[in-house]
Amino acid sequence: SRSPLTPGSPTLNPAEAKPFDAPWQAQAFALVTALIDAGAFTASDWAEALGQRLAEASTAEDGTDYYDRWLLALEDMIVRIGLADVATICKTTDAWRRAAAATPHGHPITLDRDPCADA
């Protein structure tokens with residue numbers, strides 16, 4: 001018996017397949033791939049970091065927070081390899097949230113829209 005998600009099965013239409021629900025998920029995926037390709041960390045190191053985040057008790061059973069966990073693992077790796085510290089990540093996250101809140105609907109969110117950028 002074939003799985004309903006086996007390639008070529010009638011229930012899996014490649015034209016309808018959508019691996020990402022939002023652009024930021026694809027960007028996080030691409031960033032991890034680029035960092036591995038650049039030698040910042042290994043695929044094994046990444047698998048371990050992601051596995052730790054996915055194993056947390058607070059992880060959604062239905063997998064809806066998969067890319068949220070991916071992002072947390074990416075932040076863990078960025079700190080581990082010394083690209084940024086936790087304070088910088090928190091500060092930048094807050095700046096993106098303020099910029100998103102200040103951005104009119106339908107416009108791209110950029111950090112220059114952060115109302116506290118010049119403060």
If you look at every heavy atom in [X] and [Y], which pair is closest and at what distance?
X    : Y    : value
D114 : A95  : OD2-CB, 3.3 Å
A117 : L111 : CB-O, 4.3 Å
I89  : A84  : CG1-CB, 4.2 Å
P115 : A102 : CD-CB, 4.1 Å
H107 : T103 : O-CG2, 3.4 Å

(Q) Please check: side-chain N/O of R113 versus main-chain N/O of P108, any donor-acceptor pairing under 3.5 Å? (A)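 Looks like yes, one N/O pair under 3.5 Å.
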Q: Could you tell me whether a side-chain N or O of D65 sits under 3.5 Å from a main-chain N or O of A60, the two making a donor and an acceptor?
A: yes
Separation between [atom1] of [X] and [atom2] of [Y], rounded to the nearest 0.5 Å:
X   : Y   : atom1 : atom2 : answer
E48 : M77 : CD    : CE    : 8.5 Å
D68 : W24 : CG    : CH2   : 4.5 Å
L35 : F41 : CG    : CZ    : 4.5 Å
L74 : L50 : CG    : CG    : 10.0 Å

Hey, quick one: are [X] and [Y] part of the same hydrophobic cluster, counting side-chain heavy atoms closer than 4.5 Å, chains of contacts allowed?
X    : Y   : result
L83  : W96 : no
V79  : I36 : yes
I109 : L31 : no

**Q.** Polar contact flag, side-chain donor to acceptor under 3.5 angstrom, S58-R53
**A.** no
**Q.** Aromatic centroids of W46 and W70 separated by under 6.0 Å
**A.** yes
Q) Are any of the side-chain heavy atoms of Y67 and L71 separated by less than 4.5 Å? A)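 Sidechains of L71 and Y67: no contact.
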**Q.** For D85, side-chain hydrogen bond (donor to acceptor under 3.5 Å, both in side chains) partners two or more places apart
**A.**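 Partners of D85 under the side-chain hydrogen bond (donor to acceptor under 3.5 Å, both in side chains) test: T88.
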Q.
Could you walk me through whether L72 and E75 satisfy the side chain to side chain contact (heavy atoms under 4.5 Å, CB included) test, starting with their C-alpha distance in whole Å, then the side-chain angles of each, then the deciding distance to 0.1 Å, before giving a yes or no?
A. CA-CA 5 Å; L72 291 170; E75 291 173 353; 3.8 Å; yes
